[in-house]
Structures are given as structure tokens and as C-alpha cells.
Protein chains: 4
Amino acid sequence: MARPRFLKLPPHQQQAILQAALEEFAAHGFHDASLNRVIEAAGISKGSMYYYFDGKEDLYAYVAQTEFAGLFEQVGPPPDFDAGDAETFWSALEDYYRQLLQALAASPQLAAMLRGWSAAAKNPAFQEVQGELEQASVPWIEQALAAGQRVGAIRDDLPASLLITVALGMGEAMDLWLMSQPVDPESLPAHVHGLIDMMRGAFAPRRPVH
Amino acid sequence: MARPRFLKLPPHQQQAILQAALEEFAAHGFHDASLNRVIEAAGISKGSMYYYFDGKEDLYAYVAQTEFAGLFEQVGPPPDFDAGDAETFWSALEDYYRQLLQALAASPQLAAMLRGWSAAAKNPAFQEVQGELEQASVPWIEQALAAGQRVGAIRDDLPASLLITVALGMGEAMDLWLMSQPVDPESLPAHVHGLIDMMRGAFAPRRPVH
Amino acid sequence: MARPRFLKLPPHQQQAILQAALEEFAAHGFHDASLNRVIEAAGISKGSMYYYFDGKEDLYAYVAQTEFAGLFEQVGPPPDFDAGDAETFWSALEDYYRQLLQALAASPQLAAMLRGWSAAAKNPAFQEVQGELEQASVPWIEQALAAGQRVGAIRDDLPASLLITVALGMGEAMDLWLMSQPVDPESLPAHVHGLIDMMRGAFAPRRPVH
Amino acid sequence: MARPRFLKLPPHQQQAILQAALEEFAAHGFHDASLNRVIEAAGISKGSMYYYFDGKEDLYAYVAQTEFAGLFEQVGPPPDFDAGDAETFWSALEDYYRQLLQALAASPQLAAMLRGWSAAAKNPAFQEVQGELEQASVPWIEQALAAGQRVGAIRDDLPASLLITVALGMGEAMDLWLMSQPVDPESLPAHVHGLIDMMRGAFAPRRPVH
DNA sequence: TATGAATGAGCTTTCATTCAT
DNA sequence: TATGAATGAAAGCTCATTCAT
């Protein structure tokens, strides 16, 4: 995950490398990305790249993690899902999710990387990386889930890990669907509302059927 | 999609090639799969491979399609979702889905290929292949969706394409979750029930909130 | 040079093969021409091609020779260069040469093959072929040269083979130059006149310089 | 045109690669030349070849250009064709041309490459290379032509481009003819004299026919 | 007489990585 | 701390030709 040496570089040079790598990975995915092209675009030497990073995977992991962190930094911390009832929980979630999507829409390269993530993640050498990355996103989801259960907004009759996985899958599907549509920023809130409504239906506690 | 020559081969040789390719694609995905390895494992010459198939993509498409067809052949046609009310719709869907999952569990390599499908599908050269393949699966989903709406089991206030995409995402997530758990065939029905219950919550028509 | 078997084929099939080969060789030259494409275009089997011809070179040689012969057949036999004086010799030559060029302009594929000839001829395996081909064109040139010398139109102080080679080179250069110009059929006679005039200057007997 | 890296190599290694490539291209022409053979003969790795040159065409261009430059360097700059009358023009041209041919006779491999040049030049990817190369030879020909016209040695009733093309064709033909003869260095001047005499006849201004 | 299945050598090119300096 | 030269394995793919039938 980026040798300490890299962090000692002057920021503008870190940025140059990061940006070059982000563009390359976003454009070609992990496999087809070429370190040679990154090196050339970044204007550093081949030896330096291997001096700063352990290899292609290491670079990929660092870029993904850094950009991902930047995304959350940009959106800000999640709200306090505990404060309120089920209704306020869902509307807070919708708000936050919408903000995330909007931020992501503003970083098309990160979005492209994330979309290629599932492909890259199959590489066994990535599981370590994957673990680190998920620690950046899953925790708040877990906390939101726990909070949702506390306020009675989320069912607790299924394993939490299943709920999380399915929620991520629904989110990814929504992302995919949005990508395949003619983009209309104004209608985003409506779509997000639709998705959250589906999630609510899926994850809300079952009511007894009369 | 496999030159006719290939189909004239003695079945055991077709099988050898198919099996070698399936294993390679399942293990490495399309990109990282090596035709050379397939050729070696199948015990044929390089020229023969290109005599039978038009290239890597062609081989992949043929393997995916063949295995996919085999899966549905094994499970049989979907039931008539129109016959009944919402309740019978959902239970019929659950039954059928459970059968699919059970069959898939018996073909881990096909499962692996399917999991890599979304990654491969990004390749523009695949859209033709993708189209053919989806025609094998999407139609029954669409029909099921339409039937579900007719019998009042599925909401119609959201675009059908969104519902389908999200449903597939949920299914994929479930698949993923099952892969990550210690496999316990006996508990599969319960998990499927849970998933269908979530789908039902997500896709059932909204009831007025009192 | 085409096995006798080939000549027993029904003419339309001979034509199909000949035409397919001509197009391929004209379009790609000898080296880059693909027998596979010829076979496919001709609608015959691979085995048949090798049953009729000895290989790629053999096919090329046959096509070139046949088309070349056809060209001369179309234009007709050269005039009797012996009948007249130097002046009539040169005008007869100009007439005949113009007819050849016009016929060649009507067979762009043969023209393309001829243009690629010098490239193909470097292949040592071609020298036999080359010899055969030249026997179709050189003889009348030799006869014309001899006649020209008899009537006092052509110098005899240089080796005949050199005169012939240079004459061919000048003709090829003219062909090349015509190819590189915007084509204007009406101005062809003028260009031919210019070329023959140059040839006349080059090959006419030296007059004593006063 | 040869990456700078190549020029940093110790001269003997540059020579080894250059020589291997020259021999291969001379023997087989561009198309049939095999980079693998060059690599093997040069005793370098495949990766190194692509580290030094951009590909087959790049190598060819570099070899051709380098050898061509060497030829002119060896012969020296063309004389001042403007100084004198028609008679001195033609004798100066003959002198210079003889020197060129003598130098070329000492580099049979370069001669072979040049002979294959017209074949290689058909490749569209070569037009850039071709342009660079022609700038080394065509200019002095053009200047000589213009000078010849100024001093009244060359006709001006035909397009200059046609004159140049035909002159090159005659030169190439002479080259070809010399190659096909038993080589006799002592008779070269006589042959050159014959050729120049033909050129003079072809390109000298027409005298009025009485 | 005719077929077409089968082949393996060959092609150009890309790439991540190493290592001496 | 930084460089960039050097590499070899691997990739996908084409081809003319052979040969059993």
C-alpha cells in the first residue's frame, strides 16, 4: 500500500502519479492498464515507480483507497441514523445516498474504477487489498444497519452480512441502471427515492400478514 | 459461435475442449484466461483451436452459451406464473429460483463464469455475444415480471428495466453471499426464502401507509 | 504452372479461381495475399487448390501469365516494324504502345499485379516463373528492337539487353507517373507521345556532333 | 526512427544490430524479413529490439536512412551543375553518377535494399519514412534538373516530375542490368557513359527537325 | 478426383519486473 | 534516492501445406 517513501514526495508529484494511475485504471481496468503508460504520463522513471510502489497491484490498491477516501471526505460523515424513528431513518439514508451518488457522478474516473472493481477483485492477489478497501465503506453501512435495527427501521430476522451484501448489490444495480440511461441529473433524486423505497420494502421488518 | 467444424468432432473431443475452456475461463475470467493454456489442456494444436473457433471471444461465447443452456435444460422451463394470485406467484418464483440455484451449485465452474460475466461484458466486442446470451435468460425474467404485474404481485410504478436490473443485482448478491459462506446445502431453501422475501418487499405494490 | 488437371475443369470454374486469385494478388501483392481468401472467394476446397496448383507461387505465376497473355491477345499482334523507315518505326511503336497502355488501363487488377511484379520477382523461387513470363513480352520487344535497328531507327552501339532493360524501366516509370497523376484518359496520347519522344532521343542512333 | 536509447549503445553493438538488420532486409525485403532472425543474428533479446526501435518499420527506416546517408557521405556533395554549359553539365553528371554507382557497388546490401525500396514503399505506413528518405536524394536530383534546364542541357517541354521519374527509372534499370551481368568494375565507366548518353538523348532539348 | 480436418512453425508486439549503476 | 537499460515469457493470431479418406 504505497511505500512510505512515496508519502515523502512533494505533494504535486504524488498527485501527478496518482492522477496518471487513476486515468489509466479508469480507462482500461486493472488488467489492461499499462504501468508503462502510467509511468510515462506521470513523468517518472520506471525504477522510481517500483521504488514507490510494490507493483501494479499495490499501485491500484493505493489509488482505489485514496480516491475512495476522498469521496467520503467530500460528502462528509454519515448522519446520526440513531436520532429518530424509522421514518426519519429512511429519509436520512436517502439523503446521504443521494449525496454519495452525486459526488460519484462528479468523479467519473473513480466511478469507472469502482465499476471495474468487481472484475479486479476476482484476482486472488487482491483479496488483501479488497479487505482494506471494504473497511472504508462497510463500517458506516454496518453502523447504519445497526442503527436502523435499533430504531425499528430494519428487519433483524436475516443475517446482517446478507442484508449488507444485498444492499450493496441493489446499489450497484442502480448505478448500472443509471449508467445505461440517458443521464438526467434532475431526475436523480426521483431514482434514488425509488431505490430507497425498494430497499425499504426489502429490509423493513415484516409486518404480520392478517 | 463455434464453427460447424467443431460440432462435427467426436463428442469426447468436443467435451475435452469445452471442459478445458470452461475451467480456464472460470478460474481466470475472460481477460486473464490464456488460450494457450486451454489449448494445452485440451491437447489440441493451436491451429486446430483457430480452426474450430474464431478466436478467444468466440470460444468464450460458445462455452458460456452452451453451459448456460445446459443449466436451463437441467432445471426445465419456468412455471406458468400467470396461474394464480400474488401469493402463488411468489411461491412459484421461489421454487423455481431455488431449483436454479441448486443446479448452479452443482456447476461451480459455470457459476464462476457467470460471476465474471459482468466484467467480460464491458468489452465492446462482447455486446453481440452478450445479446445472444441474455436472450436466454432475460426473456423469462421479463415474462415473469409481466405476469407478476398482471396478478398484482409486482409494482408497476417503476420502470420494468429498473426492476429487472435490481432483481438481477439482488440475485447476484445472494449468489455472492452464498459463495462466501460455508456451504450448507440444507440451508439453501431458507436462504432462498429470505431472498425472495426481500424481493417481495422490494417489488410488491406499495400499500397505502396508514 | 497449373497442373493439367486444372485445364480440364469447366471454364466457368477455371474463371472463378482465376478471378479470385487475380483480385487477391492485385489487392495484396504476392506476399500478403492469402491462399485461404482465394480459396474462399473461389468457392473451392483447400485440397482442390493444391490439386490444381503446386502452391502459392504456382498459382501466382499462372495468373500473371494468363492475364498477361490475355492483354496481348486483346491488343493484337504488334505491327510489322520492318515496313518503313525510322520515322514510320517510331510512329508505329507509339501507336502500339498507346494501345497497350489503354488496354492496361482497362484491367486495373492486372496493372496492380504488374506493379507488384518487381517486388515478387525478388523471391528466388520466382526466377523460373519470371523467366516464363518475360518470354511473353520480351520477344516482341526484341523483335521490335531488331527491326528498329534494321531500319536505322535504333542505335546499335550498346548491348541489346541494356537497351531493352532501359526501355522497360522507362515504360515502368511512365506507368508509375501516370498512376500518381489525376487520371485523364484524353491526355494519355500526349503522354505516350512524350515518352516515345524520350525513348527516341535515348535510343536513336547518335548523330555526329558538328 | 530509432529511439535515443539506441544511439547511446556502444558503437559496436549498434553496428551489430544495424548489420544484422541490413543483411536481413537486403536478403528478404521488408515484408519477408523476420525480426526474429535479426534479433538472433544481432544477439540481443526480443525485448531489447523493441526497446531500441518502435517496430519493424522503424528499424527498416533507420537502417535505410543510415546506410543511405553513409553512401552520400562517402561520395561527397554533388558538384555545382550550374557552372558551365550543356556539355559540362552532362559530363559533371556522368562523373557524379559514376561515383555513386561505384560506391553502391561496394555496398551490395544497400543496393539490394534500395532495389526492394519501391516494393516496401507501397505500404501506406511507409509514406512518412519514404518522405524522409526521399528528401535525401530527390532534392539534388531536382536541383540538377533545374540547373540543367538553366544551362540549356535539359528540355523544359515536359513536366519536371515526369522527367525525374523517368530518369530514376532509367537509373534503376541500369542498376538492374549491371546486377545481372558478370560484374566487371573496369567497364563500369563505359556503361555509365552509355546510360548518360541515353539520358542526354532523352532529356536534351529537342532540336528542330529539318 | 476431390475434400477439409489438422497442424506447428512462425509472426509482431506488449508487459511487469529486475538490477547494476 | 533514483534511474533506465535489459529481459524473457507470454500473448493472440495467420498461414501454407499435408494427408487420410
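Annotation: proximity of residues 4-19 of chain C to DNA chain E (heavy atom, distance under 4.0 Å) is found for C:K8, numbered in ascending order.
When the ring-ring contact (aromatic ring centres under 6.0 Å, His included) test is applied to A:H28, no partner is found at least two apart in sequence or on another chain. Applying the salt bridge (Lys or Arg N to Asp or Glu O under 4.0 Å) criterion to B:D54, with sequence neighbours excluded, gives B:R3. Every residue two or more places apart in sequence or in another chain that forms a side-chain contact (heavy atoms from CB on, under 4.5 Å) with C:L35 is listed here: C:Y50, C:K56, C:L59. For A:S34, the side-chain contact (heavy atoms from CB on, under 4.5 Å) partners two or more places apart in sequence, or in a different chain, are A:E24, A:N36, A:R37. Every residue meeting the side-chain contact (heavy atoms from CB on, under 4.5 Å) condition with C:E23, not counting sequence neighbours, appears here in chain and number order: C:Q19, C:Q109. Listed by chain and number, the residues in a side-chain contact (heavy atoms from CB on, under 4.5 Å) with D:Q13 are D:L9, D:P10, D:I44 (sequence neighbours excluded). In this structure, the side chain to side chain donor-acceptor pair (under 3.5 Å) partners of C:S48, at least two apart in sequence or on a different chain, are C:S45.
A:M49 has its CE atom 14 Å from the C1' atom of E:dC15, to the nearest Å. Distance CD1 (A:I44) to P (F:dA5): 15 Å, rounded to an integer number of Å. The interatomic distance linking B:E24 (CD) with F:dA10 (P) rounds to 13 Å, in whole Å. Taking atom CD of A:E40 as the reference point, atom C1' of F:dG4 lies 13 Å away to the nearest angstrom.
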C:Y62 vs C:L18, side chain to side chain contact (heavy atoms under 4.5 Å, CB included): CA-CA, chis, key distance, verdict: CA-CA 9 Å; C:Y62 179 74; C:L18 209 69; 3.3 Å; yes
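Residue B:F53 is out of contact with every strand shown, counting any heavy-atom pair closer than 4.0 Å.
Taking five base pairs at each end of the helix from E:dA2-F:dT21 to E:dT21-F:dA2 and finding the rotation axis that steps the C1' atoms of four pairs onto the next four gives two axes whose angle is 20°, to the nearest 10°.
Classified by interplanar angle (parallel below 30°, tilted 30° to 60°, perpendicular above 60°), the ring pair A:F30/A:F25 is parallel.
Sorted by first and then second residue, the salt bridge (charged side-chain N to carboxylate O under 4.0 Å, His left out) pairs with a member in residues 8-22 of chain B form an empty list; sequence neighbours excluded. Residue pairs meeting the salt bridge (charged side-chain N to carboxylate O under 4.0 Å, His left out) criterion with at least one member in residues 44-53 of chain C: none, sequence neighbours excluded.
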Protein-proximity profile, nucleotides 15-21 of chain F, B/S/- by nucleotide at the 4.0 Å heavy-atom cutoff, equals SBBB---
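At F:dA5, one or more side-chain N or O atoms of D:Y51 fall inside 4.0 Å of OP1 or OP2 (strictly under the cut-off). For the pair D:S48 and F:dA6, the criterion of a side-chain N or O lying under 4.0 Å from OP1 or OP2 is not met. OP1 and OP2 of E:dA5 both lie 4.0 Å or more from every side-chain N or O belonging to B:Y52.
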